[in-house]
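Pasting in a structure now, in C-alpha cells, and then I'll have a few things to ask.
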Amino acid sequence: MSQLRFFRVVIPFRQRFKHGSAERAETQAVWVEASQGGLRGVGEGCPREYVTGETLDSAASFFAEHQASWESSFHSYRDLADWASAHEPLIDADPAAWCAVELAYLDLFAKQRGQSIEECLSLAPTRGVFRYTAVVGDDDAAGFEETVERYREMGFCEFKIKLSRNLARDSNKLSILRSQGIADDSVRVDANNLWSNATEALRHLSGMEAAFFGIEEPVAASDLNALREIHRRTECRIILDESFSRASQLEALASDPQTWILNVRVSKMGGIRRSLEVLRRARELGLPIIVGAQVGETSLLTRAGIVVAGVAGASLVAQEGAFGTLLLAEDVCDPPLMFGAGGVLDCDALDLSSRPGLGIEVSAEMPIFRALI
C-alpha cells in the first residue's frame, strides 16, 4: 500500500510577473509525494482560477476526497490508468490536482521497475535539443526593455509578450522588440482574454500593425466564432490556451485546423497521459502544438513538458517554460532543469532518460513545501 502526502509549493519569484488575468510574486502550485517500499515519487500541478477554475483549496479538497482510495488501490501503472479512464469528469474539474497525483505515481512506479518515465509510458527516450521561447510580462517600458535586452544577450530569437488594454503601451513593446532585431513573425502575443468581443480585439491588434506568429486568447475563453473572425481579419493563427483543456474539445476545431495552434500545458491538461492523447488526435487533425508552462513551474513540470515535447515531434512549433532559477528564488532540485544560451535545453547532455523515474533528484525536505491537508 502506498502513502501520499500533499503540500503547497511556495517559492518567491526574483521579479513579479504580470499579465491580463493575474500578477504573481510567488508560485501557486501543489506537490504530491507517493511513497512505498523506501521509494518516493513526486508530482506537481499548478491550479489556475482563470484557466481551469481550480484553486489551492479545491485541489486540497480533491486530494482529501480520494486519498484513501488511491493509496489502497494504486499498485501499478495499469491501476492508475484504469482509475483515470473511469473518472474523466472528475479530472476535467481538477486537472492540475490530478496532474500532481499522476506524476507522483508515474515517478514511483517507474522507479520500482527500474525504468525511466518514458519507458514506463512505452515511449522512446527523449533525445535532442529543445529550444524555448522568451516570455515577457506586461511590464512598464523600462522593465520590458531591460528584460528583452537580457534575453537578447542570451541569444533568444523567439518572443511571447503579454498584452494590455493600452495600445500605445503595447505598440511600444513591439517597437522595442524591432529595435532589438526581432521580426514580427517571431513574436507571439498573449492577451489572456482581455477583450469582450472580436471588434474590440481587432481594433487593438490592427493598431499594432504587425503580422504576428500567433495571437493567444484575445477574447473570452471558448468564443470560437469571435476567434475565427480575428483569424480571418488578421491572417494570424489563434493560439488556444484557456479555451482548450481536454481532448474532447478538439472536434470543434477539426473543420479549420489552419486557424489554430494548441497550447498544451501538462498541468492544465491533467497530466502527461492526457497530454499525449491530445497530441495523438491533434496530429491526426493537422493541428500544431506549443508545449506551454504555467508561470512558476519548477523543474519537475519542466521534465514532464520535455516528455510531451519529445513525442510532439514535427507538430511542435514552440516551447515555453524551463525558467528555473532565472525566475524562481530556488528550485526543487540542484542544479535546476532550465534553458541556457539561446533558450536551449540539451537532453542528450542531461541524459534524463537513462535514470529511473523522472530522472531528477528532489530534496527530501525543503521549507518551500507547506502542508495542504
Are L285 and L253 packed together at the side-chain level, in the sense that at least one heavy-atom pair is separated by less than 4.5 angstrom? no
Using side-chain heavy atoms (C-beta onward) and a distance below 4.5 Å, is S35 in contact with L108? no
With the 4.5 Å side-chain cut-off for hydrophobic clustering, are L345 and V264 part of the same group? yes
Please give me the minimum heavy-atom distance between V266 and S275, naming the atom from each residue. CA-OG, 3.7 Å
Is the shortest side-chain heavy-atom distance between I306 and L337 below 4.5 Å? yes
Please lay out, stage by stage, how R280 and E284 fare under the test salt bridge (Lys or Arg N to Asp or Glu O under 4.0 Å). CA-CA 7 Å; R280 183 192 66 77; E284 294 173 351; 2.7 Å; yes
When rounded to the nearest 0.5 angstrom, what is the spacing between OG in S171 and CD1 in I176? 11.0 Å
May I ask you to check whether over 12 heavy atoms, not counting those of R14, lie within 6.0 Å of atom CZ? yes
Looking at every non-hydrogen atom in both residues, tell me the closest pair between I230 and T234 and how far apart they are. O-OG1, 2.7 Å
Salt bridge between D139 and K173, side-chain N to carboxylate O under 4.0 Å? no
State whether the side chain of Y151 and the backbone N or O of T133 hold a donor-acceptor pair below 3.5 Å, judged by distance alone. no
For residues 124-136, the salt bridge (charged side-chain N to carboxylate O under 4.0 Å, His left out) pairs (sequence neighbours left out) are R127-D351
Going from CZ on R228 to CG on D223, what distance comes out if it is rounded to the nearest 0.5 angstrom? 10.5 Å
So, the side chain of S186 versus the backbone of I182: is there a donor-acceptor pair under 3.5 Å, distance only? no
Side-chain H-bond candidate by donor/acceptor type, D170 with S164, under 3.5 Å: yes
If you count heavy atoms of other groups shown closer than 6.0 angstrom to CD of Q3, is the number above 12? no
Pair V30, F62 - check side chain to side chain contact (heavy atoms under 4.5 Å, CB included), show working. CA-CA 12 Å; V30 292; F62 180 71; over 6 Å; no
Test ring-ring contact (aromatic ring centres under 6.0 Å, His included), reference Y105, set Y77, F74, W83, output is F74
Could you tell me whether the side chain of L177 reaches within less than 4.5 Å of the side chain of V136, counting heavy atoms only? no
Could you check whether any side-chain N or O of R237 sits under 3.5 Å from a backbone N or O of W260, counting only pairs where one atom can act as donor and the other as acceptor? yes
Is it the case that the side chain of D331 and the backbone of P336 share a donor-acceptor pair, with hydrogens and angles ignored and the cut-off at 3.5 Å? no
Members other than V129 in its cluster, when Ile, Leu, Val, Met, Phe, Trp, Tyr link by side-chain heavy atoms under 4.5 Å? V344
V308 and V278: CA distance, side-chain angles, deciding distance, side chain to side chain contact (heavy atoms under 4.5 Å, CB included) verdict: CA-CA 10 Å; V308 176; V278 165; over 6 Å; no
Judged by atom type as modelled, is there a donor-acceptor pair below 3.5 Å linking the side chain of N193 to the main-chain atoms of V219? yes
Looking just at side-chain N and O atoms, do E44 and T298 make a donor-acceptor pair shorter than 3.5 Å? yes
Treating Q28 as the side-chain partner and P47 as the backbone partner, does any N or O pair qualify as donor plus acceptor under 3.5 Å? yes
Whether the side chain of K268 engages the backbone of D241 through a donor-acceptor N/O pair (distance < 3.5 Å, no angle test) should be reported. yes
Any link between V332 and L358 through a network of hydrophobic side chains (Ile, Leu, Val, Met, Phe, Trp, Tyr) touching at under 4.5 Å? yes
Step-by-step salt bridge (Lys or Arg N to Asp or Glu O under 4.0 Å) determination, E251 to R281: CA-CA 9 Å; E251 296 310 312; R281 183 64 179 129; 3.0 Å; yes
Would you mind reporting whether L4 and F63 have side-chain heavy atoms less than 4.5 Å apart? no
On a heavy-atom basis, the closest approach of S255 and P257 is C-CD, 3.6 Å
Side-chain donor-acceptor contacts of residues 91-101 below 3.5 Å, not counting sequence neighbours, with atom names and distances?
{"residue": "D92", "atom": "OD1", "partner": "R246", "partner atom": "NE", "Å": "3.4"}
{"residue": "D92", "atom": "OD1", "partner": "R274", "partner atom": "NH1", "Å": "3.3"}
{"residue": "D92", "atom": "OD1", "partner": "R274", "partner atom": "NH2", "Å": "2.7"}

Where the side chain of D82 meets the backbone of D79, is there a donor-acceptor pair that is under 3.5 Å apart? no
Are Q15 and T147 packed together at the side-chain level, in the sense that at least one heavy-atom pair is separated by less than 4.5 angstrom? yes
Side-chain heavy atoms under 4.5 angstrom apart, residues restricted to Ile, Leu, Val, Met, Phe, Trp, Tyr: same cluster for I289 and I239? no
With the 4.5 Å side-chain cut-off for hydrophobic clustering, are F213 and I161 part of the same group? no
Taking C-beta and beyond as the side chain, do R265 and E320 meet within less than 4.5 Å on heavy atoms? yes
By the salt bridge (charged side-chain N to carboxylate O under 4.0 Å, His left out) test, which pairs, at least two apart or in different chains, include something from residues 298-312? E118-R303
R152: salt bridge (Lys or Arg N to Asp or Glu O under 4.0 Å) partners, not counting sequence neighbours: none
Could you measure the distance from the CG atom of L287 to the CD atom of Q258? Nearest 0.5 Å is fine. 9.5 Å
Scan residues 190-208 for pairs that pass salt bridge (charged side-chain N to carboxylate O under 4.0 Å, His left out), counting only residues two or more places apart or in two chains. K160-D190, K162-D190
Would you kindly confirm whether V311 and L250 end up in one hydrophobic cluster when ILVMFWY residues are joined by side chain heavy atoms under 4.5 Å apart? yes
Between CG on residue L163 and CG on residue L205, distance to nearest 0.5 Å: 7.0 Å
Considering non-hydrogen atoms only, spot the tightest contact between I215 and C236 and give its length. CD1-CB, 3.7 Å
Checking E217 against S243: is there a side-chain donor and acceptor pair closer than 3.5 Å? yes
Below 4.5 Å, heavy atoms only, C-beta onward: do W195 and R165 meet side chain to side chain? yes
Assess whether side chain to side chain contact (heavy atoms under 4.5 Å, CB included) is satisfied between V362 and W31, documenting all intermediate values. CA-CA 12 Å; V362 175; W31 187 268; 3.7 Å; yes
Nearest 0.5 Å please: distance from the CG atom of L103 over to the CD1 atom of I272. 5.0 Å
What's the separation between atom NE2 in H75 and atom CZ in F109, rounded to the nearest 0.5 Å? 8.5 Å
Without swapping roles, check the side chain of D256 against the backbone of T259 for a donor-acceptor pair under 3.5 Å. no
Flag, side chain of T27 to backbone of V9, donor-acceptor distance under 3.5 Å: yes
Audit row: L262, M269, side chain to side chain contact (heavy atoms under 4.5 Å, CB included) steps and yes/no: CA-CA 11 Å; L262 305 178; M269 306 310 300; over 6 Å; no
